[in-house]
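Proteins come first, then strands; the chains are lettered A, B, ... in the order of their sequence lines, and each starts at number 1.
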There are 2 protein chains.
Amino acid sequence: MFSAFHQIVEQFVKLEAQEKRILEQAFTFKRVPKKYKLTSKGEVANELFFINKGLVRLYYTKGEDEITGFIFKENLFASSYDSFLRRVPSLQTLETLEACELLVITYQKLEELYVALPKINVLTRKVAEQRFINGQQILSSFLLESPEERYRRFEVQHRDLLQRVPQNMIASFLGITPVSLSRIRKRMQQPWSP
Amino acid sequence: MFSAFHQIVEQFVKLEAQEKRILEQAFTFKRVPKKYKLTSKGEVANELFFINKGLVRLYYTKGEDEITGFIFKENLFASSYDSFLRRVPSLQTLETLEACELLVITYQKLEELYVALPKINVLTRKVAEQRFINGQQILSSFLLESPEERYRRFEVQHRDLLQRVPQNMIASFLGITPVSLSRIRKRMQQPWSP
DNA sequence: AAGGATGCTTAACAAAAGATAAGAAATCAA
DNA sequence: TTGATTTCTTATCTTTTGTTAAGCATCCTT
C-alpha cells in the first residue's frame with residue numbers, strides 16, 4: 001500500500017525504517033469513486049493527496065465552464081497547493097476522473113510531522129521545487145509555443161492521458177476551446193500542402 | 001546592506017542574531033550595471049540573487065527573439081531556478097534591466113548552509129512555495145483571461161513596472177506581440193461603442 | 001549636436017481562434 | 001437494449017492576433 005509512495009519519497013530524502021513508519025502513520029488510505037470532489041472551490045484545502053491509483057483533475061470555474069489547470073496521475077502529490085499552503089479559500093476544484101486510491105495527509109498532521117521529523121522539510125521543499133519546475137515548463141510553453149505545438153508536446157509527454165481524459169478537458173488545459181483542438185487534430189492528420 | 005534582506009527572510013523563518021550572521025556570511029554583495037547577464041542560456045546557473053535595488057529580467061531566446069518570462073524587482077529572490085536546482089544548462093537568461101545591487105549566494109554555499117543551518121530548508125521551502133504560487137497565478141491568467149484582461153491585471157499589479165520596462169518586453173511576458181499590445185492599449189483608450 | 005539604435009504606433013493583409021449551432025458518435029444508466 | 005447524456009466533429013461567421021513594413025519619436029553615444 002505504501003510501496004510506490006516510499007519509492008517516490010526516497011528520490012527526495014533518505015529515511016530510516018523507523019522514520020518511514022512515522023511518515024506512514026501521518027497518512028490515511030482512502031478509496032474514492034469517479035467524479036468525487038477532493039477539494040471544492042471556495043473551501044480551504046485541508047488535505048494533500050498522494051495518488052496510488054487513478055486520475056485527478058484540477059480545474060477552475062469560469063461561469064458555466066470548467067477550465068482544466070492540471071491532471072495528476074499515479075505517483076504524484078495532488079492538491080490545491082496554493083489554498084493548502086496559504087490557508088485561503090481555493091480558487092480551484094480537485095476532482096477525480098477515475099476511481100482512485102489515495103494516501104491522504106491533513107494540514108495539521110503535516111505540521112506535526114515537521115516537528116516530529118524535521119527531515120520532512122527537505123521532502124516538501126523538493127516537492128515544492130518539483131511543482132515549481134513543472135509549472136515553469138507549462139508556463140514557458142504558453143509563451144513560446146502555439147496551441148498546435150502545445151498539443152504535439154502533450155501527445156508525446158502524456159500519450160496515456162489521451163486515452164483516459166476527454167478531449168475538451170485537454171483543450172482547456174492547452175488554453176483553447178474544444179472546437180479549436182478538434183480543428184488542430186484534423187489539420188495534423190493531413191500534412192500535405194494546401 | 002542586509003536590512004531589507006533580513007526583513008524578507010523574517011517573514012519565512014525566525015533566526016537568532018547568531019544565525020543571521022551565518023546566513024549573511026554565505027552571501028556576497030555585488031553591484032552590476034544595466035544589461036548585465038547574471039545567468040546565460042546554456043550555462044548552469046550557479047548563483048541565486050536577492051535584489052536589493054534594481055530590476056532583473058528573465059527571458060527565453062526563440063530564434064532572434066527574446067521572450068520575457070518574468071521580471072524580478074526589489075526584495076525578490078531571482079534566479080534561473082530550474083537550472084539552479086537541477087544543475088542543468090539553463091534555457092533562460094537572467095539579465096539586469098537597470099543597474100542593480102544584489103546579494104549573491106552560490107549553489108555550493110547554499111548546500112553548506114543547509115548543513116550549518118538546517119532551518120534554511122524551511123526558508124528555501126517557503127521561497128519555492130512562493131514561487132510556485134506565483135507561477136500558478138500567472139499560469140491561471142493564461143487559462144482564464146484574454147490578453148487584454150492580462151494586460152489590465154498587469155497594469156494594476158505592476159503599475160511601477162509600466163514606467164521601468166519597455167512595452168515590447170511586457171508584451172512578450174503577456175504572451176503577445178508588441179504590435180498586438182499596442183492595439184490593445186489603443187482599444188482601451190476609447191471605451192465607446194463603435 | 002548628429003547619427004544611430006531602440007521603441008512605439010499604425011496600416012494592410014493573412015492566419016488562427018472564438019462563438020454558435022447542428023449533427024454524428026460514443027458512453028452511460030435505467 | 002434503449003433512451004439520454006456527453007463528447008467530438010464540422011460548418012459558418014466574427015473577432016482577434018500574427019506578420020510585415022513604414023513612419024515617428026525618443027534615447028543614447030560619440
Side-chain angles (χ1 to χ4, degrees), chain A residues 33-36 55 57 59-60 62-68 71 95-99 141-155 161-194, chain B residues 33-36 55 57 59-68 71 95-99 141-152 154-155 161-194:
Chain A
K34 194 173 170 173
K35 288 222 173 191
Y36 183 86
L55 278 186
R57 176 174 67 121
Y59 64 84
Y60 299 88
K62 190 185 183 186
E64 301 296 279
D65 301 333
E66 296 174 353
I67 313 282
T68 300
I71 296 163
E95 188 179 306
T96 59
L97 281 174
E98 302 173 349
S141 79
F142 274 89
L143 292 173
L144 300 172
E145 298 174 348
S146 67
E148 176 164 338
E149 288 168 322
R150 285 203 295 284
Y151 178 67
R152 286 182 191 279
R153 171 189 299 281
F154 186 93
E155 261 190 327
L161 294 185
L162 290 179
Q163 317 305 325
R164 297 165 76 184
V165 181
Q167 258 176 50
N168 63 57
M169 295 181 187
I170 295 174
S172 67
F173 177 61
L174 297 174
I176 57 179
T177 60
V179 177
S180 192
L181 178 55
S182 183
R183 280 191 290 234
I184 286 170
R185 284 162 52 84
K186 186 172 188 186
R187 231 184 284 154
M188 285 169 55
Q189 287 166 18
Q190 309 167 341
W192 15 266
S193 57
Chain B
K34 195 174 171 172
K35 288 222 173 192
Y36 183 86
L55 277 187
R57 176 173 67 121
Y59 64 85
Y60 299 88
T61 312
K62 191 184 180 184
E64 303 294 280
D65 301 333
E66 297 175 353
I67 314 281
T68 301
I71 295 162
E95 188 178 306
T96 59
L97 281 174
E98 303 173 348
S141 79
F142 273 89
L143 292 173
L144 300 171
E145 297 174 349
S146 66
E148 175 164 339
E149 288 167 324
R150 284 203 295 284
Y151 178 66
R152 287 181 191 279
F154 186 93
E155 262 190 325
L161 294 185
L162 289 179
Q163 318 305 326
R164 297 164 78 183
V165 181
Q167 258 175 51
N168 63 58
M169 296 181 187
I170 295 174
S172 67
F173 177 61
L174 298 174
I176 57 179
T177 60
V179 177
S180 192
L181 178 55
S182 183
R183 281 191 291 232
I184 286 170
R185 284 162 51 85
K186 186 173 188 185
R187 233 183 285 155
M188 285 169 55
Q189 287 166 18
Q190 309 167 340
W192 15 266
S193 56

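Taking side-chain N and O atoms only, A:Asn168 has a distance below 4.0 Å to OP1 or OP2 of D:dC8.
Closest-nucleotide positions on DNA chain C for A:Glu148 and A:Val179 were compared, and the one nearer the 5' end corresponds to A:Glu148. Map A:Gln167 and B:Ser180 each onto its nearest nucleotide of DNA chain D; the residue landing nearer the 5' end is A:Gln167.
A straight line from CD1 of B:Ile67 to P of D:dG18 spans 10 Å, rounded to a whole angstrom. Taking atom OH on A:Tyr151 and atom C1' on D:dC8, their separation rounds to 12 Å, with Å as the unit. Computed from coordinates, the A:Met169 CE to D:dT6 C1' distance equals 10 Å when rounded to whole Å. The distance from atom CD1 of A:Ile170 to atom C1' of D:dT7 is 12 Å, rounded to the nearest whole Å. For the pair A:Ile184 CD1 and D:dT10 P, the interatomic distance rounds to 14 Å; values are reported in whole Å. In this structure, B:Leu181 atom CG and D:dT17 atom C1' are separated by 12 Å, rounded to whole Å. In this structure, B:Arg183 atom CZ and D:dT19 atom P are separated by 11 Å, rounded to whole Å. Atom CD1 in B:Ile176 sits about 13 Å away from atom P in D:dT19, given to the nearest Å.
Smallest separation of non-hydrogen atoms from B:Pro33 and B:Thr96: O-OG1, 2.8 Å.
No more than 12 heavy-atom neighbours from other residues, nucleotides or ligands sit within 6.0 angstrom of OH on A:Tyr36. For B:Lys62, the NZ atom counts as densely surrounded, since its 6.0 Å shell holds more than 12 non-hydrogen atoms of other residues, nucleotides or ligands.
Put simply, the side chain of A:Ile67 reaches to within 4.5 Å of the side chain of A:Ser172, judged on heavy atoms.
Along DNA chain C, the stretch of nucleotides lying under 4.0 Å from any heavy atom of chain A spans, 5' to 3', C:dA17 to C:dC28.
Between A:Phe173 and A:Phe154, the ring planes lie perpendicular to each other; the angle is over 60°, past the 30° to 60° tilted range.
In this structure, B:Pro147 reaches the sugar-phosphate backbone alone: every heavy-atom distance under 4.0 Å involves primed, P, OP1 or OP2 atoms, never a base. The residue B:Ser182 sits close to a base: some heavy atom pair falls under 4.0 Å.
Judged purely by atom type and a 3.5 angstrom limit, A:Thr68 has no side-chain atom pairing as donor or acceptor with the backbone of A:Ile170.
Taking 4.0 Å as the cut-off between side-chain N and carboxylate O, A:Glu149 and A:Arg153 do not count as a salt-bridged pair.
Residue B:Lys34 places its side chain closer to D:dC28 than to any other of D:dT20, D:dT7, D:dC28.
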